[in-house]
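Have a look at the structure below, then the notes.
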Amino acid sequence: MSDTLRLSGVTKTYNPGKPTAVEVLRGVDLAVAPGEVVALVAPSGAGKSTLLHVAGLLDTPDAGQVLLDGTDMTRLSDRRRTMARRDLVGFVYQFHHLLPEFTALENVVLPQLAHGTPRAQAEARALDLMDRVGVRNRATHRPAELSGGEQQRVAFCRALANAPRLLLADEPTGNLDPATSDRVFDALMVLVRSTGLAALIATHNLQLAARMDRVLRLDAGHVVPA
Amino acid sequence: MLDDPDDVEAIVPAILQAAGPMTLAWTWKDSSGAFLSALTVEDNVMFVILSVLVLIASMNIISGLIMLVKNKGRDIGILRTMGLTEGAVLRVFFLCGASIGTIGTILGVLLGCAFAIWIDPIFAAVNYLSGGGVWDPSIRGIYRLPAKLEWGDVLSAVSLSLFLSWVVTLFPARRAARMNPVEALRYE
Ligand SMILES: Nc1ncnc2c1ncn2[C@@H]1O[C@H](COP(=O)(O)OP(=O)(O)O)[C@@H](O)[C@H]1O
Ligand SMILES: [Mg+2]
């Protein structure tokens, strides 16, 4: 079975050729197997977000390849990459980025509607996901009416709404106090384990990283085992 | 006799025919030619002025939409990461602008037609509210304001404002669609 995510020789430089050029990734090789949860640790500014964006097809690498489920996505058109992202990848950010005008439930339903799922079915799935992380009773609340931890849990549900193969999380608990952070992380692991998807989770919290299957370090533009 | 004096040209050849050769047809349109062409010029200039007004209104739609796109940068970014295509984002903002244009056009047509149809009562009301003396018929000898509702005029006004507001909406909508989701979601 092929890896869910594979990066080989990925490089990325911001503002190439200018005095302000920043060489962020200098040949990243990494693989995440199906069902595996991998931590990516590095200090702020090391390029974690850049790596996740490249892996999630939001950004294109300067060189190297990005394979999702064994398919090379690097040179596809923007439309094809958007489709692949919709069907294969779920994103979670440090901030929940929920749409403020919609309820928690609608936020989780939305990506499914974009996917073409009928509304009733989408709502059933959304409620099921929200039940698993303990925010089902907040379904009709707007994001502004939720606590930070609850917002982030809803964001997890949204990321998993389309049953992706890969979850990319960028410091998902970086914005929460330690106790909440622990519980929210537990909720994330419940979701990931119960759906059996692969996850690459960037964090600078070593305690959280230790609870994952494998820890990788991003060092001077290369990914090395920690 | 003609029902509509505007159709005078239609019977000129028949009259010439009946009167035989060596006849000169001199219609009322020929005798007041300068006045008539002034009216035509006024008609055209009026249309240009009103078009400029519609254009200004469309600019308002543009600036409103540009602000909206700026404010919604994050949301657009998150929609793109969810897997909405550029086309889908474009449609969202196009629908937003086009519906403003369409609702505006409908309201404008309703108000404009109402105004043309009920010009006399409206005029009387204005006269009453301002204490009379807005228009003294005895001075000019015109006792009512002639307002005629021409469907052709309505049609050209509707198509102009729909066309302008829809076309103008495309620019901010395209800007939203082309937005780089990574840039939109940076938070450091
Ligand atoms: N659009 C950009 N233009 C220029 N430099 C950038 C851009 N995005 C990120 N960088 C730089 O790339 C480096 C890595 O950024 P990032 O991937 O956000 O790191 P991390 O997520 O690990 O904190 C930083 O030094 C940052 O300043
Ligand atoms: Mg980051």
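The chains referred to below are lettered A, B, ... by the order of the sequence lines, with proteins before strands, and numbering in each begins at 1. The basis for the numbers below is simple: all heavy atoms, side chains too, and nothing from hydrogens, waters or symmetry mates.
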Which region of A:Arg81, side chain (C-beta onward) or backbone (N, CA, C, O), has a non-hydrogen atom less than 4.5 Å from a non-hydrogen atom of chain B, or is it both or neither? neither
Within a reach of under 6.0 Å around CZ of B:Arg174, are more than 12 heavy atoms found that belong to other residues, nucleotides or ligands? no
Under 4.5 Å to a heavy atom of chain B? For A:Asp78 that would be side chain
Below 4.5 Å, heavy atoms only, C-beta onward: do A:Ser49 and B:Val182 meet side chain to side chain? no
The interface call for B:Ile78 against chain A, heavy-atom contacts under 4.5 Å, is side chain
Let me confirm one number: the CG-NE2 distance from B:Asn180 to A:His53, rounded to the nearest 0.5 Å. 9.0 Å
What's the separation between atom CZ in B:Arg80 and atom CZ in A:Phe91, rounded to the nearest 0.5 Å? 11.5 Å
One should read off an interatomic distance between A:Leu99 CG and B:Arg74 CZ, to the nearest 0.5 angstrom, of 12.5 Å
Could you look at A:Gln112 and say if it's the side chain, the backbone, both or neither that has a heavy atom under 4.5 Å from chain B? neither
Look at atom OH of A:Tyr14 and say whether more than 12 heavy atoms of other residues, nucleotides or ligands are closer to it than 6.0 Å. yes
Minimal heavy-atom distance between A:Thr82 and B:Leu84, with the atoms involved, is CG2-O, 3.5 Å
For chain A, find which of B:Leu79, B:Thr85, B:Thr81 contributes the most heavy-atom pairs closer than 4.5 angstrom. B:Thr81
So how far is it from A:Leu113 CG to B:Met82 CE, rounded to the nearest 0.5 Å? 10.0 Å
Donor-acceptor pair, side chain of A:Arg79 and main chain of B:Glu86, under 3.5 angstrom: no
